[in-house]
A.B. asks: 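Got a structure for you, written out below as structure tokens; questions coming shortly.
Because only heavy atoms are used, hydrogens play no part in the values below, and waters and symmetry mates are left out as well, while side chains stay in.
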Amino acid sequence: MPRKVRVRFAPSPTGPLHIGGVRTALFNYLFAVKHKGDFILRIEDTDQARFVPGAEAYIMESLKWCGLHYNEGPDIGGPHEPYRQSDRKDLYRQYAENLISSGNAYYAFDEPDTLDSLRKQYESEGKVFQYDASTRLTLRNSLTLSEEEVTRLIETSTPHVIRFKMPENEEIRTTDLIRGEVTFHTALLDDKVLYKADGLPTYHLAHLIDDFLMEITHVIRGEEWLPSFPLHVLLYKAFGWENDMPQYAHLPLILKPGGQGKLSKRDGDKMGFPVFPLQWTDPFTGEVSSGYRESGYFPEAVINMLAFLGWNPGTEAEFFTLDELVDAFTFDRVGKSGARFDPEKAKWYNQQYLKYKSDEELTSLFIPILQKKGFPINPRHIKKVTALIKERLVFPQDFWEQAFYFFEGPESYDQQMQKKVWKEDTPGIIASVRELLKETKDFSSAGLEALIKNYIEQNNIGFGRVAAPLRLLIVGSGMGPHLFDILEMIGKEETIRRINKGLEMIQ
């Protein structure tokens, strides 16, 4: 009987969660939900030197904002708790000792200074030092020391690590769900540290033991872990867990917009776009990094954009809800090569999602903007404005820039437009239009348009000779939706006031 699908997203709390990590979490979530499985959050905090306060809470809040709700995790528990590796540290040592007993690992007592000297020596000879089958028998470890000496060193708490004993000259063939069959040769691999001198396991040991104990069936992670893949395959073999080894899928890298290199945590604000789901304030330096949420992006737009970084549905469709992504997602549609991040495409997605939100929902987003500026709140009026300008917005915070003229008249007039549309006879034309507007009782958009068009026909002048300078006086520039919609919204009294002020200021 097939095992129930269980996947995990296992970030380290070493800073804010990068969107590459969110993409990894998303693909794990899609696969789990598609197969009616479990999506688990596990915090891998064994690297205490790089631990950053607040990062764990940030990770959990980010996933929830994105709608990637996990079934088990540090804050909600589950049948395999604890889900924080620092709370599980007592169980890892025994597994490391088991590998030593089976001859698959060994104690290494080399001092850091000794290894540094060797690296420099090799470097001076144009070579690269590697702790492996070719060097391990010349170093200070349990393979070269007597059993008595090893016991003495351990009993006297001499600092040491536990290294995996990489087999010599073996070819490893295994399968990746995205890349198919992959082959490695152990002659090129080093004896990785599995257990550190600080009493904590490395990622290689800890994640593998946790995956086994938590019954993980599929490991979906970034391409950067591909070089470690053979070690993990060999560890499953060394533990005798080959039959329980998860299937692996290594996702393609997310590349910089220019396509050169991996998109890093430092690229975002430097290049003018977020690379984190939420705003992050560094607890040590106070440096603030922008986030998608605070920049005005909708979570569904971010998720849709991320899904297309490395995956495609095989159709022309570009818009998918999270449920639709679940239905469509398969590994055979995930590419092997890196996916270039396009910040303009991210904005485009947000613009589309904003356009399709209801006027009521957008109105609730715009009300706080007007409250902050001290304007009286009329939800009905704001909703009408929203319907007129939503097509022009990319982010909710663009509302004021695109709609200010519905709430206050211009204080200045676009000089370039003024030179273009303001002719010698323009004041007389606008004054005549003003009198018509004063007299009309129908101040609806349709009524005003008919009134002005009738004036234009009777006086045999072009529409632009009236509409363009009138817009300049009402708005201050050439922006905005249908002119007569604006006039109806601001009303007769305000329209006449703006015309009078504009004629006075421009003349």
A.B. asks: Count the heavy atoms of every other residue, nucleotide or ligand shown that sit under 6.0 Å from NZ of Lys34, and state whether that count exceeds 12.
C.D. replies: yes
A.B. asks: State whether Asp398 and Arg392 are salt-bridged, where the test is any N-O pair (Lys NZ or Arg NE/NH1/NH2 against Asp/Glu carboxylate O) under 4.0 Å.
C.D. replies: no
A.B. asks: With a 4.5 Å limit on heavy-atom distance, are the side chains of Val288 and Glu294 in contact?
C.D. replies: no
A.B. asks: Does Glu361 come within less than 4.0 Å of Lys390, counting only side-chain N to carboxylate O?
C.D. replies: no
A.B. asks: Mind listing the closest non-hydrogen atom pair of Ala249 and Leu177 along with its distance?
C.D. replies: CB-CB, 3.9 Å
A.B. asks: Any side-chain donor-acceptor pair under 3.5 Å between Glu223 and His250?
C.D. replies: no
A.B. asks: We want to know whether Tyr58 and Gln279 form a side-chain donor-acceptor pair, criterion being a heavy-atom distance below 3.5 angstrom.
C.D. replies: no
A.B. asks: Heavy atoms, side chains only, cut-off 4.5 Å: are Val150 and Phe109 in contact?
C.D. replies: yes
A.B. asks: Can a salt bridge be assigned to the pair Lys345 and Glu318 using a cut-off of 4.0 Å between side-chain N and carboxylate O?
C.D. replies: yes
A.B. asks: Taking atom types as modelled and ignoring hydrogens, do the side chains of Asp332 and Thr330 form a donor-acceptor contact shorter than 3.5 angstrom?
C.D. replies: yes
A.B. asks: Is Lys237 atom NZ crowded by more than 12 heavy atoms from other residues, nucleotides or ligands, each under 6.0 Å away?
C.D. replies: no
A.B. asks: Would you check if there is a donor-acceptor pair between the side chains of Asp210 and Tyr83 at a distance under 3.5 Å?
C.D. replies: no
A.B. asks: Tell me whether Glu344 is salt-bridged to Lys347, with the criterion being a basic N under 4.0 Å from an acidic carboxylate O.
C.D. replies: yes
A.B. asks: Test Phe276 against Lys265 for side-chain contact (heavy atoms from CB on, under 4.5 Å), laying out the working first.
C.D. replies: CA-CA 8 Å; Phe276 304 122; Lys265 290 185 174 183; 3.8 Å; yes
A.B. asks: Side chains of Asp211 and Arg42: does their closest heavy-atom pair fall under 4.5 Å?
C.D. replies: yes
A.B. asks: Within a reach of under 6.0 Å around CD of Glu149, are more than 12 heavy atoms found that belong to other residues, nucleotides or ligands?
C.D. replies: yes
A.B. asks: Between CE of Met60 and CG of Leu41, what distance do you get to the nearest 0.5 Å?
C.D. replies: 7.0 Å
A.B. asks: Evaluate the side-chain contact (heavy atoms from CB on, under 4.5 Å) criterion for residues Thr186 and Glu168: first the C-alpha distance (whole Å), next the side-chain angles of each, then the deciding distance (0.1 Å), finally the verdict.
C.D. replies: CA-CA 6 Å; Thr186 59; Glu168 295 185 50; 5.5 Å; no
A.B. asks: Do side-chain atoms of Ser12 reach the backbone of Thr14 as a donor and acceptor pair under 3.5 angstrom?
C.D. replies: no
A.B. asks: Tell me whether the count of non-hydrogen atoms from other residues, nucleotides or ligands lying under 6.0 Å of CD in Gln94 goes above 12.
C.D. replies: yes
A.B. asks: Rounded to the nearest 0.5 Å, how far apart are CG of Leu68 and CG of Leu30?
C.D. replies: 7.5 Å
A.B. asks: Looking at Glu287 and Arg266, is any side-chain nitrogen of the basic one under 4.0 Å from a carboxylate oxygen of the acidic one?
C.D. replies: yes
A.B. asks: Under the side-chain hydrogen bond (donor to acceptor under 3.5 Å, both in side chains) rule, what do Asp75 and Tyr70 come out as? Steps first, then yes or no, please.
C.D. replies: CA-CA 10 Å; Asp75 56 333; Tyr70 39 91; 3.0 Å; yes
A.B. asks: Anything under 30° is parallel, anything over 60° is perpendicular, the rest tilted; go ahead and classify His204 against His232.
C.D. replies: tilted
A.B. asks: Under 30°, 30 to 60°, or over 60°: which ring-plane class applies to Phe229 and Tyr248, parallel, tilted or perpendicular?
C.D. replies: tilted
A.B. asks: Around atom CD of Glu171, are there more than 12 heavy atoms from other residues, nucleotides or ligands closer than 6.0 Å?
C.D. replies: yes
A.B. asks: Consider side chain to side chain contact (heavy atoms under 4.5 Å, CB included). Of Leu362, Thr363, Ile369, which one does Ile382 pass it with?
C.D. replies: Thr363
A.B. asks: Stepwise, does the side-chain hydrogen bond (donor to acceptor under 3.5 Å, both in side chains) test hold for Ser102 with Asn104?
C.D. replies: CA-CA 6 Å; Ser102 64; Asn104 289 294; 2.8 Å; yes
A.B. asks: Between Asp38 and Arg6, is there a salt bridge with N-O shorter than 4.0 Å?
C.D. replies: yes
A.B. asks: Does Lys192 make a cation-pi contact with Phe164 (under 6.0 Å, within 45 degrees of the axis)?
C.D. replies: no
A.B. asks: Got a salt bridge between Glu61 and Lys64, using NZ or NE/NH1/NH2 to carboxylate O under 4.0 Å?
C.D. replies: no
A.B. asks: Say whether Ser86 and Asp45, considering side chains only, have a donor N or O and an acceptor N or O under 3.5 Å apart.
C.D. replies: yes
A.B. asks: Heavy-atom count check: over 12 atoms from other residues, nucleotides or ligands less than 6.0 Å from Tyr356 OH?
C.D. replies: no
A.B. asks: So that I know where these two stand, are Phe399 and Phe366 an aromatic pair - ring centroids less than 6.0 Å apart?
C.D. replies: yes
A.B. asks: Within the 4.5 Å heavy-atom criterion, are Val5 and Lys36 side-chain neighbours or not?
C.D. replies: no
A.B. asks: Checking Arg333 against Phe329: charged group under 6.0 Å from the ring centre and within 45 degrees of the axis?
C.D. replies: no
A.B. asks: What I'd like to find out is whether the side chain of Tyr292 reaches to under 4.5 Å of the side chain of Val22, using heavy atoms alone.
C.D. replies: no
A.B. asks: Output yes when Arg8 and Glu44 qualify as a salt bridge under the 4.0 Å nitrogen-oxygen rule, no when they do not.
C.D. replies: no
A.B. asks: Once you measure the plane-to-plane angle for Phe308 and Phe320, does it fall in the parallel (<30°), tilted (30-60°) or perpendicular (>60°) bin?
C.D. replies: tilted
A.B. asks: In terms of relative ring orientation, are Phe341 and Phe273 parallel, tilted or perpendicular, with 30° and 60° separating the classes?
C.D. replies: tilted
A.B. asks: Measuring from atom CZ of Phe395 to atom CG of Leu365, what distance do you get when rounded to the nearest 0.5 angstrom?
C.D. replies: 13.5 Å
A.B. asks: A quick test of your reading: do over 12 heavy atoms of other residues, nucleotides or ligands sit less than 6.0 Å from CD of Glu224?
C.D. replies: yes
A.B. asks: Does Phe9 have its ring centroid less than 6.0 Å away from the ring centroid of Tyr29?
C.D. replies: no
A.B. asks: Take the angle between the ring planes of Phe129 and Tyr131 and call it parallel below 30°, perpendicular above 60°, tilted in between.
C.D. replies: perpendicular
A.B. asks: Show your working on side-chain contact (heavy atoms from CB on, under 4.5 Å) between Leu208 and Phe239 and close with a plain yes or no.
C.D. replies: CA-CA 10 Å; Leu208 190 133; Phe239 280 120; 3.8 Å; yes
A.B. asks: Could you check whether Asp267 and Ser264, counting side-chain N and O atoms only, form a donor-acceptor pair closer than 3.5 Å?
C.D. replies: yes
A.B. asks: Using the rule given for ring pair (Phe, Tyr, Trp, His ring centres under 6.0 Å), can you reason through Tyr297 versus Tyr349, listing the C-alpha separation, both sets of side-chain angles and the distance that settles it, and then say yes or no?
C.D. replies: CA-CA 9 Å; Tyr297 286 84; Tyr349 265 115; over 10 Å; no
A.B. asks: May I ask you to decide if Gly291's main-chain N or O and Ser295's side chain share a donor-acceptor pair within less than 3.5 Å?
C.D. replies: yes
A.B. asks: Determine whether Trp280 and Val52 satisfy the following criterion, side-chain contact (heavy atoms from CB on, under 4.5 Å), listing intermediate values before the conclusion.
C.D. replies: CA-CA 12 Å; Trp280 168 258; Val52 174; 3.7 Å; yes
A.B. asks: Whether the side chain of Arg93 engages the backbone of Gly199 through a donor-acceptor N/O pair (distance < 3.5 Å, no angle test) should be reported.
C.D. replies: no
A.B. asks: Is the backbone N or O of Ile40 less than 3.5 Å from a side-chain atom of Asn71, with the two atoms forming a donor-acceptor pair by type?
C.D. replies: no
A.B. asks: Between Asp269 and Ser290 (side chain of the first, backbone of the second, donor and acceptor by atom type, cut-off under 3.5 Å), is there such a pair?
C.D. replies: yes
A.B. asks: Do the side chains of Leu263 and Ile19 get nearer than 4.5 Å, heavy atoms only?
C.D. replies: yes
